[in-house]
Amino acid sequence: MDGSVRWSDDDLARLTVEERAELVRRVVAVGAPAPPPPHRRRRFLLLASIGSLVLVPWIGFLAATLPHRYEARHWTLAWVGFDVVLLVGLATTAFMAWRGRPAVVFPALVTATLLVCDAWFDTTTAQRTDVVVSALSALLLELPMAAVLVAAVVLVHRQNTVTPRPASEPGRRRRWRRR
């Protein structure tokens, strides 16, 4: 690091908030990965656009051809399996939140999506005698839990500043902490 500027703790303490923010922005920019080439972005955009366009006639086809009633052979397996996946998602989210892992956003978003799907299919496939229970379950349990998970994802995303743990905390398993 010949010719580089070295900063003491006193030098850093004398910086204004704006100067510190600029310093952090510049240090982060030095280690930031290069953005993907424009052709990859265009290819991804094209793929997502084509997928969206293909879904429009597919949805129309399904709406016109699917039977109004259908007897599922593995109904219990489908719902119990779905609820097991929800259990795994919630447990993984809880564990990662307990450990303070920023990657908690992945299982939280997946689980929130599954909870919304669960609410949708519970209410739309319910028999007439079960509609009220399904609607209450969706409104009081599944959708609020999905909202809490999405709110947690937003909070974790907003905490985008990570700092290394100080040397005064040796032997800790986690190498990073949120500010």
*Once the angle between the rings of W75 and W79 is folded into 0 to 90°, is it parallel (under 30°), tilted (30 to 60°) or perpendicular (over 60°)?*
perpendicular
*Would a hydrophobic clustering, with Ile, Leu, Val, Met, Phe, Trp and Tyr connected at side-chain separations under 4.5 Å, put W98 with V156?*
yes
*Closest non-hydrogen atom pair, D118 against E142*: OD2-OE2, 3.0 Å
_Beyond-backbone contact of F95 with P107, side-chain heavy atoms, under 4.5 angstrom_ = no
*asked:* Let's go through I50 and L53 carefully: what are the C-alpha distance in whole Å and the side-chain angles of both, what is the deciding distance for side chain to side chain contact (heavy atoms under 4.5 Å, CB included) to 0.1 Å, and is it a yes or a no?
replied: CA-CA 5 Å; I50 290 172; L53 291 173; 5.5 Å; no
*Carefully, step by step, assess V131 and T123 under the rule side chain to side chain contact (heavy atoms under 4.5 Å, CB included).*
CA-CA 6 Å; V131 170; T123 55; over 6 Å; no
*CG-CG distance between L109 and L149, expressed to the nearest 0.5 angstrom*: 8.5 Å
*Check against side chain to side chain contact (heavy atoms under 4.5 Å, CB included), L62 and I59*: CA-CA 5 Å; L62 289 178; I59 291 169; 5.7 Å; no
*Closest approach of P144 to A138 (non-hydrogen atoms, all atoms of both residues)*: CD-O, 3.6 Å
*Over all atoms of both residues, closest heavy-atom pair of R14 and E19*: O-OE1, 4.4 Å
*To the nearest 0.5 Å, tell me how far T125 OG1 sits from Y70 OH.*
14.5 Å
*Would you sort out whether T93 and F106 count as a side chain to side chain contact (heavy atoms under 4.5 Å, CB included), showing the intermediate values?*
CA-CA 8 Å; T93 302; F106 300 114; over 6 Å; no
*Near D11 CG, under 6.0 Å, is it more than 12 heavy atoms from other residues, nucleotides or ligands?*
yes
*Check the hydrophobic clustering (I, L, V, M, F, W, Y; side-chain heavy atoms under 4.5 Å; chains of links allowed) and say if V150 and V110 are grouped together.*
no
*Shortest non-hydrogen contact from A13 to R20?*
O-NH2, 3.0 Å
*Are V85 and L90 connected, step by step, through hydrophobic side chains (Ile, Leu, Val, Met, Phe, Trp, Tyr) whose heavy atoms are closer than 4.5 Å?*
yes
*asked:* Does H74, at its NE2 atom, have more than 12 non-hydrogen atoms belonging to other residues, nucleotides or ligands within less than 6.0 Å?
replied: no
*Considering all heavy atoms, the nearest A146-L115 contact*: N-CD1, 3.8 Å
*For residues T92 and V88, determine if any side-chain heavy atom of one lies less than 4.5 Å from a side-chain heavy atom of the other.*
yes
*Report yes if some heavy atom in the side chain of L12 is under 4.5 Å from a heavy atom in the side chain of L15; otherwise report no.*
yes
_Co-membership, hydrophobic cluster, residues L66 and L55, 4.5 Å side-chain_ = yes
_Please check: side-chain N/O of T111 versus main-chain N/O of A108, any donor-acceptor pairing under 3.5 Å?_
no
*L114 CG to M145 CE distance, which is reported to the nearest 0.5 Å*: 13.0 Å
_Measuring from atom CZ of F44 to atom OG of S49, what distance do you get when rounded to the nearest 0.5 angstrom?_
9.5 Å
_So does F61 get a backbone contact from the side chain of T65, meaning a donor-acceptor N/O pair under 3.5 Å?_
yes
*Kindly compute the distance separating CG (D122) from CG (D130), expressed to the nearest 0.5 Å.*
10.0 Å
